[in-house]
Protein chains: 2
Amino acid sequence: MIHTKDKIIEAAERLFAEQGYASTSLRQIIAEAAVNLASVHYHFGSKERLLDDLVHRKADPVNQARLSLLDASESKAAGRPLSVEQILNAFLLPTAKAASADPTFVRLMGRIHAEGLMPAIVQKHFLPTAQRFVSALRRALPDLPEAEFLWRVHFMMGAMSYTMCGTPIFPAAIEDFHSRMEKLVRFLSAGFRAPAGNGEEKPA
Amino acid sequence: MIHTKDKIIEAAERLFAEQGYASTSLRQIIAEAAVNLASVHYHFGSKERLLDDLVHRKADPVNQARLSLLDASESKAAGRPLSVEQILNAFLLPTAKAASADPTFVRLMGRIHAEGLMPAIVQKHFLPTAQRFVSALRRALPDLPEAEFLWRVHFMMGAMSYTMCGTPIFPAAIEDFHSRMEKLVRFLSAGFRAPAGNGEEKPA
DNA sequence: GTCTATACTGAGATAGAC
DNA sequence: GTCTATCTCAGTATAGAC
């Protein structure tokens, strides 16, 4: 038998990914893990910190892989701006890789974004990485007016988080995660390269 | 002084839109509305049915406007398929209109989608309308392989719901909702028209 | 028909014994 | 480190006043 802490983490990850954070009670988790209720608070402090710990363990390595890929692409480009596709691939390929190794994990990540209001966790674990990618995208799209660019980043984040959740309302083909990410890259890079509107700022 | 039911609805709409459904307690709502706790269950039956009633009152007229615009475009086209832009505009212009008349409403709609698991409400109030628009999009994009098409619809729904929530993580220009919707249409229609991948089915 | 008072169950959190 | 007991607050249900 393994440590109490690990049993809690294991049960929590599965239940959070399946049912969402809010809908999962600590009492459900401790029943699955066969541990005592108070042990959750002893090891993690609170339900929210349990989620934070989970995200820390699972998302940080993926974010590291994302940044490594981006670094590699950038040093290969030797100062020239990357293509939108290269940047999006650097972000999404580690996601696909993690998803095939551990399918529950990506659903959990999607839920964390989609379920909305845990801004603290999102900021803490995703913002630093996200900012590097946004900067790279900005360099790849120098002619896009700023407001247009920022909203497109926003649209992208919506599409990504929704997609990672994994359960489409319309029954789409259940296929390997990798080709889903490829579809997403095609869709998003075309969106980013769309001509800007002429309303507010004009492209250079 | 107005009816208890209206006071509850008013308070609930604002609080749900601001804090989300799960994070808003009935006791908060009744405090704001200055009514008794049990009156919520007398008039609505449960917290979930209160939300359902709210969505019914607010979203159904918008969905009607969406379908009217789509109908108008389709009869003007006289059998020819609509453009992706026309279809997306028919969906998003009523959203923008509703948003300028009642800013809290659209945030609530965004939350309902984003906050994830209230599939019953989403199905009941959005699926019928959504299906008409998906069919129209399918006719506008006859050459897109089915899997590619369905996932692009999925990406679109993610971008839309995320956008309606209204609070971007990256500080984007706060501007009128209408030009935000125009940006979204440009982004999404370019995404829909991106070349498909060559992996699975070939375009006609 | 409406509204109030109150009680019930289950959630997260905490204190203290072991 | 772990467990029991308990606290507060959530959503819900009902009995009864007007």
Side-chain angles (χ1 to χ4, degrees), chain A residues 1-57 108 111-112 114-122 124, chain B residues 1-57 108 111-112 114-122 124:
Chain A
M1 132 152 166
I2 40 171
H3 290 29
T4 302
K5 193 169 179 176
D6 294 325
K7 294 201 288 182
I8 296 170
I9 287 182
E10 219 172 286
E13 184 191 1
R14 186 160 30 81
L15 289 170
F16 284 160
E18 277 169 16
Q19 312 177 342
Y21 172 76
S23 311
T24 302
S25 71
L26 289 182
R27 284 167 172 87
Q28 243 183 310
I29 294 171
I30 60 127
E32 283 264 335
V35 301
N36 185 274
L37 175 60
S39 63
V40 177
H41 291 90
Y42 173 76
H43 285 290
F44 300 97
S46 72
K47 189 187 178 187
E48 191 173 342
R49 301 243 314 260
L50 166 60
L51 177 64
D52 188 279
D53 193 279
L54 225 64
V55 174
H56 175 64
R57 284 162 186 260
L108 178 60
R111 279 204 185 275
I112 283 166
E115 217 169 328
L117 293 187
M118 19 200 153
I121 287 178
V122 170
K124 191 167 158 193
Chain B
M1 132 151 166
I2 39 172
H3 290 29
T4 302
K5 192 168 179 177
D6 293 326
K7 295 201 288 184
I8 295 170
I9 286 183
E10 219 172 286
E13 184 190 1
R14 186 162 29 81
L15 290 170
F16 284 161
E18 278 169 15
Q19 312 176 342
Y21 172 76
S23 310
T24 302
S25 72
L26 289 181
R27 285 166 171 88
Q28 244 182 310
I29 293 171
I30 59 127
E32 283 263 334
V35 300
N36 186 275
L37 174 60
S39 62
V40 177
H41 291 89
Y42 173 74
H43 285 289
F44 300 97
S46 72
K47 188 186 179 188
E48 192 174 343
R49 302 244 313 261
L50 166 60
L51 177 65
D52 188 280
D53 194 279
L54 224 65
V55 174
H56 175 64
R57 285 163 186 261
L108 178 60
R111 279 206 186 276
I112 283 166
E115 216 169 327
L117 294 186
M118 19 200 153
I121 286 178
V122 171
K124 190 167 159 192

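Letters A, B, ... mirror the listed sequences (proteins, then strands); counts begin at 1. Keep in mind that what you see is a predicted model, and the values were worked out from it rather than measured.
- Applying the 4.0 Å criterion to OP1 and OP2 of D:dG1, one finds that A:Y42 has a side-chain N or O inside that range.
- Per the geometry, CD belonging to A:E48 stands 15 Å off C1' belonging to C:dA11, to the nearest Å.
- Taking 3.5 Å as the limit, the base of C:dG10 and the side chain of A:R27 contain no donor-acceptor pair of atoms between them.
- The separation between A:K5 atom NZ and D:dT2 atom C1' is 15 Å, rounded to whole Å.
- Under the 6.0 Å distance and 45° angle rule, B:K47 counts as a cation-pi partner of B:Y21.
- Not one side-chain nitrogen or oxygen of A:S46 sits closer than 4.0 Å to the OP1 or OP2 atom of C:dG12.
- You'll find that the side chain of A:H41 is closest to C:dG12, out of C:dG12, C:dA15, C:dA5.
- In this structure, A:S39 reaches neither bases nor backbone, as no heavy-atom distance under 4.0 Å exists between it and the strands shown.
- A cation-pi arrangement is present between A:K5 and A:F44 under the rule of less than 6.0 angstrom and at most 45 degrees off the ring axis.
- Rounded to whole angstrom, the span from the CG atom of B:N36 across to the P atom of D:dC18 amounts to 15 Å.
- Spacing between atom CG of B:L26 and atom C1' of C:dA11 amounts to 14 Å, rounded to whole angstrom units.
- C:dA5 atom C1' lies 12 Å from atom CD1 of B:I30, rounded to whole Å.
- Per the geometry, CD1 belonging to B:I29 stands 15 Å off C1' belonging to D:dC9, to the nearest Å.
- The backbone N or O of B:N36 sits less than 3.5 Å from a side-chain atom of B:S39, completing a donor-acceptor pair.
- In this structure, OH of A:Y21 is placed 14 Å from P of C:dA11, rounded to the nearest angstrom.
- The side chain of B:H43 approaches C:dC3 more closely than any other nucleotide in the set C:dT4, D:dT2, C:dC3.
- For B:S25, the side-chain atoms get nearest to D:dA10 when compared with the rest of C:dT14, D:dA10, C:dT6.
- Here the rule is side chain to side chain donor-acceptor pair (under 3.5 Å) with A:D53, and of A:R49, A:R57, A:H56 only A:R57 fits it.
- Between A:S25 atom OG and A:Q19 atom CD the span is 8.0 Å, to the nearest 0.5 Å.
- A residue-by-residue look at B:Q28 and A:A38 shows that A:A38 has its nearest nucleotide of DNA chain D further toward the 5' end.
- The interatomic distance linking A:K7 (NZ) with D:dG1 (P) rounds to 15 Å, in whole Å.
- When the nucleotides C:dT4, C:dT6, C:dC3 are ranked by their closest atom to the side chain of B:L37, C:dT6 comes out on top.
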